[in-house]
Amino acid sequence: KFLGQKNANGNYTVTFIEGDGIGPEISRSVKQIFAAAKAPIEWETADVTPILKDGKTTIPEEAIKSIKKNYVALKGPLATPIGKGHVSLNLTLRRTFNLFANVRPCRSVPGYKTPYDDVDTVLIRENTEGEYSGIEHEVVDGVVQSIKLITKKASERVLRFGFQYAQSINKKHIRVVHKATIMKMSDGLFVSIARDVAKDFPDVKFDTELLDNTCLKMVTDPKMYSDIVLVMPNLYGDIVSDMCAGLIGGLGLTPSANIGDECSIFEAVHGSAPDIAGQDKANPTALLLSSMMMLQHMGLNEYAEKISKAIMDTLAEGKALTGDLGGKASTTEYTNAIISKLQ
Amino acid sequence: DIFKPTKFGGRYVVTLIPGDGIGAEVSESVKTIFKQDLVPVDWEQIDVTGLQTGTVDPEVLFRESVNSLKRNKVGLKGILYTPVERSGHQSWNVALRQELDIYASVVMIKNMPGYQTRHSNVDMCIIRENTEGEYSGLEHQSVPGVVESLKIVTKMKSERIAKFAFSFATANSRKKVTCIHKANIMKLADGLFRRTFHEVSKQYPQLEVNDMIVDNASMQAVSKPQQFDVLVMPNLYGSILSNIGAALVGGPGLIPGANMGREHVVFEPGCRHVGLDIQGRDQANPTAMILSATMMLRHLGLDDHATRISKAVYEVIADGKVRTKDMGGNNSTHDFTNAILHKMETL
Ligand SMILES: Nc1ncnc2c1ncn2[C@@H]1O[C@H](COP(=O)(O)OP(=O)(O)OP(=O)(O)O)[C@@H](O)[C@H]1O
Ligand SMILES: Nc1ncnc2c1ncn2[C@@H]1O[C@H](COP(=O)(O)OP(=O)(O)OP(=O)(O)O)[C@@H](O)[C@H]1O
Ligand SMILES: [Mg+2]
Ligand SMILES: [Mg+2]
C-alpha cells in the first residue's frame, strides 16, 4: 500500500537514483517522457555512492532520508565497486528498506522477435531468506552445509502481498511454485501457509505447481501463464524470473519492483553497460517499464496506461529502435518517438 | 570405471520397475519391442508404487526392488509418484538412487530429426549429482514457523561427479563441459562444487571448460541453447535444466536418461514425470522409455538390438505419420508402438 502524499503543487515527489554508466541517459529519457505525459511526479535526485561507516557499507544518510520521506524510488543500474569490502549496493538497499518481495513481469516486446512471441508472465519472488540466508559452514574438511531458511513470517508476508498484487493487476490466480516432494518441511511450510492465506482471498484462484512442471510448461508454452501470478521462494524465483526474461530476449527489457514494508524501489534489471555509456545508444525501455510499475503502485494507472501504450506502439512500429533491438535510433530519437505518440 | 554386467546362458536378467502413472503403458511398449527383436533380456518386474494402494506394504515392494537391482546390477525404471503431504514417506525415487549410490544422472537433450520445435540444433547432455545437495532430506523445525533445510555438498561427491562428466565427455567425443552453480550466493557449498570442478578439469586439457551461474544458464538455455554441450551440476539445478531442456526439444515423453553408479545402472526417462493426468488413456509417448531401454542395451553390449530399435523410433518420428498427442498427433501409445514394430521389420 503506497503511503505517499501529494505536495503543495498537487504532485508526488519520487526519489530518483540515476545510477552509473548508462544510468543518467536512460533516466533523462524517463524524465522527458513523464514531463510530456504531464504525469504528476516531481523527481528528487539522490546520490547513493557507497560510503564505509564503522567498517560497514551504507548509502548516504541523505538518500535514505529521501526514500523514507517519499516512500518510493526509481533506480537505474548501479555498478558494485569491487574490493574495498563493499557488499553489493543492491543488497544494501534491500536490507536498509526491508524489500521483502521482488516483482518481475515479463512481456514479449512487440518489436523484438524471439522464438516466443506470446509471453506475459508475472513472478513474485521472496527476497529475504530461503537459500540466500547466507548461513553456511564447513562441518569437517570437505563437507559443507548450506542452510535454506523458511519462516512463517517472511512467507506469509510475501504470499499476502502476492494475493493483493494479483487483485491489483486483475490477474486473479495465484500459483505457488515449490519442491515440496523433496523439501517436505521447508517448501511444505511455504505451501501450507499459502493455503491459509488463500482463504482470505476467496475471489483469487489458488493452486500449486512443482518447480519441474513450471519450467517444463513455461518453456513449452508460456501462454499458459498469461493469467497467473507466480509466487515462489527466493532461489526458484531468481532462476525462473531469469528464465522468463530469456523468453523475451534477455535482461535488457525487463522491469522489476522491490516491495518493502513502507518503501518500494523500482528498477531496471540490467547492468550499467559501461561499454556504451555516454554515447546516446542505451535502450531506456527497461527503466521506463519499471517506472510504469511505479505509477501503478502509486495508483496512477491512467498515466501508466497512456505511457505504456506509447512505448508499445513505438516498439511495434519498429522505426525508432535502439541498437540492442537491431535498430539504428539513438536514445534521444527513441525517446522523441515515444513523446510524439503522447501528443 | 562403470562395471559391465555378466550374462547367464547368453541372456541378461534386468530389473523392471514400470512405476506409477503412465509407467505401465510405456513399459508394455518396451516389452513388446524387445520381444519382437528377440532381445536376450529377461525381466524381473517389480510393481513398486508411491501411491497408497492398501494391499501390499509399499515398503516391502521397495526393499524387493532394491534387492533385485543389487542382484541384477541393471534396471529399467519408470517414475514413482511422491505424495506432497508433509507426514508422507520420502521419495522412493530419491531413496533408490541413494541406496544404490547411482550418483550420476545422465539426461540427453537433442532435437529429433523431422520434429520441428521452437529451437533447432540443440544437443546437450545434462550430468547431475544424484545423491546429495538439496535432496539430502535433512530438515528440521527449530521453533514453530522456522524451518531449516540442509543442502550438503561434499568434496568427495563433487570430485566424483566432475570426473564422471569429464570421462563421459571424452568417451562420447564431446568438446565442452560447463559447470552450473550459484557460487556467488552459496559461496561455500556451490563454491566447493565449482572449485572442485575446475581442479579436476586440469586432468582433461583437451576439453574446453567453463562455468555459469544457474539463473544465467536458465536464461541462456531458452535463448541460445546451442551453446551448451555437456553440463554438470548439483541435484536441484539438474531438475530445473533438464525440464527446460525437455521443453526445448519436445517434452518429457522424448527424453531418455540413466542413473549410473560404480556397481549399478538404472535407466529411466530423463525428466522424471509420473504423468498421472494421462494414466491409462493409451496416450503417453513411450519414446523416452524406449530410448532409455536402448541406452541400456548399449550398456549391455547389445549394440545391434540398440541400433535397430532406436533407428526405428527415429524414423517413425521423422516420417511424422504416427504421433502421440504430446507431439501434436492423434495416435495412441499402441499405434506408435506398432509403427515402430513395422519399421523394425524393414531394417
Ligand atoms: N539498456 C541497455 N541498452 C542497450 N544495451 C544494453 C542495455 N543494458 C545492457 N546493455 C548491453 O548488455 C551488455 C551487458 O550489460 P551490463 O550492463 O550487464 O554490463 P556489465 O558490464 O555487467 O555492467 P555492471 O557491472 O554494471 O553489471 C553490454 O554489452 C551492454 O552494452
Ligand atoms: N511420456 C509422456 N508422454 C506424454 N506426456 C507426458 C509424458 N510424460 C509426462 N507427460 C506430461 O508432462 C506433464 C508433466 O507430467 P507430470 O508427471 O509432472 O504430471 P503429474 O505427475 O500428473 O503432475 P504432478 O507432477 O504435479 O504430480 C503432464 O501433463 C504429463 O501428461
Ligand atoms: Mg538472477
Ligand atoms: Mg552486469
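Lettering of chains follows the sequences in order, A, B, ..., and the numbering in each one begins at 1. It should be emphasised that the depicted structure is a prediction, and the values quoted were computed from it without experimental measurement.
- Looking at A:E136, both its backbone and its side chain come within 4.5 Å of chain B, counting heavy atoms on both sides.
- The two residues A:V219 and B:R118 make their nearest non-hydrogen contact at O-NE, 4.3 Å.
- Distance OG1/A:T220 to CD1/B:I244: 10.5 Å, rounded to 0.5 Å.
- Rounding to the nearest 0.5 angstrom, the gap separating the OG atom in B:S223 from the CE atom in A:M243 is 11.5 Å.
- Contacts between A:D221 and chain B at a heavy-atom distance below 4.5 Å involve backbone atoms as well as side-chain atoms.
- A:D238 is listed as a side-chain neighbour of B:K182, based on a closest heavy-atom distance under 4.5 Å.
- Within 6.0 Å of CG in A:D200 there are more than 12 heavy atoms belonging to other residues, nucleotides or ligands.
- Within the 4.5 Å cutoff, the side chain of B:S239 has no heavy atoms near those of the A:L211 side chain.
- Contact detail for B:D215 and A:I239: the closest heavy-atom pair is CB-CA, 4.0 Å.
- With a 4.5 angstrom heavy-atom cutoff, B:H140 touches chain A only via backbone atoms.
- Between chain B and the options A:L235, A:I135, A:V240, heavy-atom pairs under 4.5 Å are most frequent for A:L235.
- The two residues A:Y116 and B:V222 come nearest to each other via the heavy atoms CE1-O, 3.8 Å.
- Chosen from B:L248, B:L192, B:N93, B:T154, the residue pairing most often with chain A at heavy-atom distances under 4.5 Å is B:T154.
- B:E139 contributes a side-chain N or O that, together with a main-chain N or O of A:S186, makes up a donor-acceptor pair within less than 3.5 Å.
- Neither the backbone nor the side chain of B:Q220 has a heavy atom closer than 4.5 Å to any heavy atom of chain A.
- Both the backbone and the side chain of B:V146 have a heavy atom closer than 4.5 Å to some heavy atom of chain A.
- Residue contact with chain A, scored on non-hydrogen atoms closer than 4.5 Å, is absent for B:I213.
- With respect to chain A, the highest number of heavy-atom pairs below 4.5 Å among B:V94, B:N243, B:T117 belongs to B:N243.
- Residues A:I182 and B:E134 fail the side-chain proximity criterion, which asks for heavy atoms closer than 4.5 Å.
- Using a 4.5 Å cut-off on side-chain heavy atoms (C-beta onward), B:H273 and A:N213 make contact.
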Take B:T82 and A:K184 through the test side chain to side chain contact (heavy atoms under 4.5 Å, CB included) and record every step on the way to the result. CA-CA 11 Å; B:T82 309; A:K184 287 180 186 291; 4.0 Å; yes

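- With respect to chain B, the highest number of heavy-atom pairs below 4.5 Å among A:I248, A:D187, A:I150 belongs to A:I150.
- Side-chain contact between B:I240 and A:C215: present, with at least one pair of heavy atoms (C-beta onward) separated by less than 4.5 Å.
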Please evaluate residues A:I147 and B:L150 with respect to the criterion side chain to side chain contact (heavy atoms under 4.5 Å, CB included), reporting the C-alpha separation (whole Å), side-chain torsions for both, the decisive distance (0.1 Å), and the verdict. CA-CA 5 Å; A:I147 290 175; B:L150 297 186; 3.3 Å; yes

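- Contact of B:L188 with chain A is made through backbone and side chain together, with heavy-atom distances under 4.5 Å.
- Under the 3.5 Å distance criterion, the side-chain polar atoms of B:Q141 are left unmatched by any main-chain donor or acceptor of A:M185.
- Residue contact with chain A, scored on non-hydrogen atoms closer than 4.5 Å, is absent for B:K224.
- Closest approach of B:G251 to A:L216, counting heavy atoms only: CA-CD1, 4.5 Å.
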